[in-house]
Amino acid sequence: MFVAQGVPREHCRALCEALRSAPREELETIQERVTRSFSQEGITFTVHGGDEAEERIIPVDCVPRLLTLAEWSELEAGLVQRISALNLFLADVYGDCRIVRDGVIPIDVVLDCPQYRPEMRGVSVPNNAWVAVCGTDIVRTHEGFMVLEDNLRVPSGVSYMIANRKAVKAGLRRLFRTCRVQEVEHYGRLLRQTLTELAPRGRLDPSLALLTPGTWNSAFYEHMFLAQEIGAELVEGQDLLVNDGFVYMRTTAGLRRVDVIYRRVDDDFLDPLVFRRDSLLGVPGLLNAYKRGNVTLANAPGTGVADDKSVYAYVPDMVRYYLAEEPLLKNVDTRLCRRPEDLEYTLDNLEHLVVKRVGESGGHGMLVGPHSTPEERDEFRESLRAAPAEYISQPTLALSRSPCLVDDRAEPRHVDLRPFVLTGAQSRIVPGAFCRVALRRGSLVVNSSQGGGGKDLWVVDL
Amino acid sequence: MLSRSAQGVYWMGRYLTRAQYLSRLLELHVQALVDRSVEEIHFGWRRIYRTMKRFPPAGESWLPEADEFALADSFTLADDLTFERSNPDSVWSSLERGRENARQMRHCISAEMWSCLNLAYLRMRDLETVDIWRTPEAFYGQTCNEIHNFVGLADATMYRSSAWRFMRLGRAIERVQLAVSLILAQTELGRRMKRRTLGWAGMLRMHHASEAYSRLYGIEIRPSRVLDLLASDPLLPASLLSSVRAAAAELDAIATGPDAEADAAARRLAGRAGAMILYDWPEARDREELLRRVDRCTRDLHGTVLDAFVDYGIQDAPLR
């Protein structure tokens with residue numbers, strides 16, 4: 001936000017001025033109004049503790065993060081390039097496996113990944129869009145934008161992008177107008193268009209359904225919100241059945257065919273006949289209907305193999321391999337502890353590195369070296385030696401910070417952002433993102449389950 | 001529409017109607033606590049409990065003799081009926097369930113409806129009886145109004161899809177069952193009282209029928225006239241006849257369900273309940289028995305509606 005101490009970047013000048021000149025009470029009132037609007041509208045996520053489930057609100061900071069249109073364009077081009085390569089990778093890895101045979105990615109990195117689904121071998125996907133909805137975690141360092149993680153399974157957070165926008169826009173109307181902020185509210189329309197483009201052949205006016213695990217899922221609000229936005233039925237596994245290779249939902253007028261399922265249920269639970277047998281969330285026979293091309297699942301099963309933390313290290317190579325281009329977005333330098341030299345380096349530099357378990361997400365199973373205690377490092381050292389293939393390590397990044405309203409004054413906090421890339425017949429992105437913020441001072445963990453919150457991202461045309 | 005969604009909005013309608021009905025009963029009764037006799041207060045509590053088919057926390061021997069006890073006990077009883085989590089029909093439980101159904105079916109209702117209901121829920125969430133006991137009638141009145149507002153917003157903003165019909169069907173069936181239950185409680189308990197008119201004016205207020213009664217019959221309260229008005233007057237929105245007709249009209253507006261047999265049975269039951277009130281009521285010798293038949297009919301209607309549209313067998317269901 002600042003080029004030097006106290007000197008804002010050009011596009012942040014209006015925001016800085018507004019923050020400086022606004023009386024404390026006014027900022028406090030705006031913040032209160034933003035928080036209250038979330039509570040009143042029931043924009044919540046569910047937290048489970050024992051038998052109890054509690055609806056909670058993601059803390060929202062009313063001060064927006066700003067990017068220029070030029071910065072956004074650079075990011076957008078990088079994201080489109082990356083998702084193109086990832087979709088080609090998925091088609092390849094469940095097809096001819098050229099990338100493995102050509103020695104770009106070791107076979108064991110792919111096969112050892114628990115998200116690799118042999119059941120998907122030989123399956124072709126409409127428009128080759130294995131990943132229809134991708135939520136890429138981006139951080140910004142002094143080296144520019146970097147991809148922290150590709151979320152290719154059931155990425156969430158887009159409803160908060162829209163809710164944050166609505167709440168913050170209402171609180172900062174004049175500033176919003178001055179900054180000529182790009183709109184994000186058409187995300188639902190684009191998502192519907194994307195899903196429609198992926199419908200089975202011959203289904204010109206496809207019937208859409210959003211498959212949710214149910215009301216107790218932490219992202220249920222988002223499922224409901226998106227179903228409403230795209231005009232889809234919000235279904236649970238119990239509402240669907242497969243008959244003669246086609247998927248139907250139970251309606252008050254009988255069984256109605258479903259053409260496209262935007263599924264927000266993990267692969268494991270999708271079809272008890274193929275994946276986890278004890279799943280009550282899925283639909284028996286769904287994968288068979290999918291393989292016969294009678295229904296589209298977005299995202300396709302098995303996409304998790306491409307956002308695995310070990311496979312992540314190879315994404316720049318995928319871009320070069322499939323697109324013959326240099327990656328526009330950088331990866332964070334990643335060491336795979338399955339390699340002896342990387343393991344040794346990691347063990348020697350634990351206090352400087354971030355170590356992540358490949359199968360974990362949400363900030364769990366992670367050691368942030370500089371913030372860790374000697375005991376925690378010893379514990380990780382043991383785990384690393386016991387199962388090195390399950391870990392990767394990365395340098396601790398100097399993440400960019402953005403001002404947040406803390407105790408009625410602006411204080412810097414670390415932020416990342418998660419833009420959403422939609423891919424049907426083509427890739428589309430709304431100019432905005434779910435911007436996550438580590439609300440605890442000095443913290444680098446932005447996950448909402450670990451003290452993180454959200455803020456609005458403004459792409460400004462200044 | 002999705003069967004589970006239809007079921008959700010149907011139950012949302014039922015629970016919110018229950019919360020509103022009980023709030024209205026309690027609003028009128030706590031007003032009576034100020035200046036009515038102990039006998040009347042006890043009668044009122046008994047009537048509410050019988051309507052809700054529930055025993056008071058201390059069982060049947062809860063009736064104290066002195067006013068002080070009555071007042072102290074009123075607090076406990078109001079708490080049991082208002083905030084008691086283990087009472088599935090308390091105002092809180094009904095509102096919470098209605099709101100939970102609305103939360104799950106937010107995509108079927110309008111944003112304005114959800115916001116209105118969620119605010120009512122948030123207002124009540126952290127309250128206890130002690131917080132409302134200085135002016136309990138204001139609390140119950142506000143709760144009634146909030147649900148009235150919700151219904152008004154539904155009227156003004158909700159798309160007239162099947163969801164709208166199922167919500168209104170749920171409201172109508174719940175209204176019939178509660179009204180029958182209250183009328184039976186009044187007649188059965190009233191028989192044991194020395195003052196035969198005890199409670200009948202309250203019955204009129206409960207159903208927003210005092211003005212209509214005065215206009216039709218003057219100021220003298222006669223139980224048989226009150227009964228006629230509450231049961232069979234087609235112009236009184238809260239009469240049994242109006243509610244049964246509303247249920248039948250909603251059912252008529254919903255497309256035929258996949259279980260044709262259950263669908264036809266549901267429509268017959270709604271018609272039969274209406275016919276009982278319209279044609280049998282004026283000549284019925286045993287009106288309590290007739291009310292019980294209407295009650296059974298609407299309970300069957302509830303089950304048959306679910307059979308026809310939600311729990312139907314898939315073997316013979318049409319594919320679309």
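In what follows, every heavy atom counts, from backbone to side chain, and hydrogens, waters and symmetry copies are set aside. Chain letters run A, B, ... following the sequence lines, proteins first, then strands; residues in each count from 1.
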Checklist entry - So does B:R85 have more than 12 non-hydrogen atoms from other groups sitting under 6.0 Å from CZ? => result yes
### Query
Is A:K291 atom NZ crowded by more than 12 heavy atoms from other residues, nucleotides or ligands, each under 6.0 Å away?
yes
CG of A:L226 to NE2 of B:H107, rounded to nearest 0.5 Å, is 12.0 Å
Side-chain (B:S3) to main-chain (A:T251) donor-acceptor, under 3.5 angstrom: yes
Are there over 12 heavy-atom neighbours, none belonging to A:R277, within less than 6.0 Å of that residue's CZ? no
Applying a strict 4.5 Å limit to non-hydrogen atoms, the region of B:R165 in contact with chain A is neither
Heavy-atom closest pair (A:T215 atom, B:R103 atom, distance to 0.1 Å) is O-NH2, 3.4 Å
Between the CG atom in B:L2 and the OG1 atom in A:T252, the distance rounded to the nearest 0.5 Å is 8.5 Å
Of all heavy-atom pairs linking A:G254 and B:P258, the shortest is N-CG, 3.5 Å
For B:I109 and A:Q228 the tightest heavy-atom approach is O-NE2, 3.7 Å
To the nearest 0.5 Å, atom CE of A:M224 lies from atom CE of B:M105 at 11.0 Å
Under 4.5 Å to a heavy atom of chain B? For A:Q40 that would be both
* To do: State whether the number of non-hydrogen atoms from other residues, nucleotides or ligands found under 6.0 Å of A:L280 atom CG is greater than 12.
  => no
Heaviest contributor of heavy-atom pairs below 4.5 Å to chain B, chosen from A:N243, A:V235, A:L255, is A:L255
Check: Short question: side chain of A:R250, backbone of B:V310 - any donor-acceptor pair under 3.5 Å?
Finding: yes
The interface call for A:F225 against chain B, heavy-atom contacts under 4.5 Å, is neither
Main chain of A:Y221, side chain of B:R106: is a donor-acceptor contact present, judged purely on distance under 3.5 Å? no
Is it true that atom CG of A:D278 has more than 12 heavy atoms of other residues, nucleotides or ligands lying nearer than 6.0 Å? yes
Rounded to the nearest 0.5 Å, the CD1 atom of B:I314 sits from the OH atom of A:Y248 at a distance of 11.5 Å
Whatever's closer than 4.5 Å to a heavy atom in chain B on A:F220 counts as side chain
Cut-off 4.5 Å, heavy atoms of chain B, and the answer for A:E236 is both
Practice prompt. Determine whether more than 12 heavy atoms belonging to other residues, nucleotides or ligands lie under 6.0 Å from atom CD of A:Q238.
Written response: yes
Answer key: most heavy-atom pairs under 4.5 Å with chain B among A:H223, A:E229, A:E233 is A:E233
Under 4.5 Å to a heavy atom of chain A? For B:E100 that would be side chain
The interface call for A:S39 against chain B, heavy-atom contacts under 4.5 Å, is both
Check: A:L234 main-chain N/O paired with B:R4 side-chain donor or acceptor under 3.5 Å
yes
